[in-house]
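Written below as structure tokens is the structure these notes are about.
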Amino acid sequence: MASVDECRQALQDLAARLDRNAETVRERIDLDRTLACRVTDLDTAFHGRIADGRLLDLADGDDPKAKIALSTTSDDLLALVRGELDVTRAVASRRVSIKANPFDLMKLRKLL
């Protein structure tokens, strides 16, 4: 089981990666939504906002009103961010749960 700090760092790494790719993605993906990432085995959460191809305002704590909510275990979160776990397969096998508008899901998949 990964730690809260490892999960926080993984999300910060994801934010940095998205930031590096934002210029090429911004024109293709129009997505401005709040995001909650719930880590089930650690009973913790993080929240932020996806805008202009970036993950912004990343902070500790849940956002129950988030338009996109991802729930997974700490190890699966790290595997997703590292690219070791395919998000489509993870959702299909119920290792990851994503609650969002279907159109947002399509845009999110292009972003990741």
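Within the model, atoms CZ of Arg8 and OG of Ser3 stand 8.5 Å from one another, a figure rounded to the nearest 0.5 Å. A distance of 4.0 Å separates CG in Asp76 from CZ in Arg95, rounded to the nearest 0.5 Å. Atom CG of Leu78 is separated from atom CZ of Arg82 by 4.5 Å, given to the nearest 0.5 angstrom. Note: Arg38 CZ to Leu70 CG = 9.5 Å, rounded to the nearest 0.5 Å. Rounded to the nearest 0.5 angstrom, Leu58 CG and Ile50 CD1 are separated by 10.5 Å. One distance of note links CG of Leu80 with CG of Asp75; it measures 11.0 Å at 0.5 Å rounding.
In this structure, the side chain of Asn101 engages the main chain of Phe103 through a donor-acceptor pair within 3.5 Å. Side-chain N or O atoms of Ser97 include none that pairs as donor or acceptor with a backbone N or O of Ser71 at under 3.5 Å. Judged by distance alone, with hydrogens and angles left aside, the side-chain atoms of His47 form a donor-acceptor pair with the main-chain N or O of Gly61 at under 3.5 Å.
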Side chain to side chain contact (heavy atoms under 4.5 Å, CB included) between Ile98 and Val91, worked out: CA-CA 7 Å; Ile98 301 176; Val91 169; 4.0 Å; yes
Full working for side chain to side chain contact (heavy atoms under 4.5 Å, CB included) between Leu18 and Leu14: CA-CA 6 Å; Leu18 292 176; Leu14 175 61; 4.1 Å; yes
Worked verdict on Phe46 versus Asp62 for side chain to side chain contact (heavy atoms under 4.5 Å, CB included): CA-CA 6 Å; Phe46 303 94; Asp62 198 359; over 6 Å; no
Candidate pair Gln9 and Asp5, rule side chain to side chain donor-acceptor pair (under 3.5 Å), full reasoning: CA-CA 6 Å; Gln9 185 61 52; Asp5 288 336; over 6 Å; no
Salt bridge (charged side-chain N to carboxylate O under 4.0 Å, His left out) assessment of Asp104 paired with Lys67: CA-CA 9 Å; Asp104 290 348; Lys67 297 294 182 184; over 6 Å; no
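A 6.0 Å sphere centred on CG of Asp60 holds more than 12 heavy atoms belonging to other residues, nucleotides or ligands.
Across Val81 and Ala10, no two heavy atoms sit closer than the pair CG1-O, 3.3 Å. Contact record, Leu35 with Ala66: C-CB, 3.8 Å, taken as the closest heavy-atom pair.
Donor-acceptor pairing under 3.5 Å is recorded for the side chains of Asp41 and Ser74.
Val4 and Leu11 fall within the same hydrophobic cluster, defined by Ile, Leu, Val, Met, Phe, Trp and Tyr side-chain heavy atoms under 4.5 Å apart, directly or through other members.
Within the 4.5 Å cutoff, the side chain of Thr40 has no heavy atoms near those of the Thr72 side chain.
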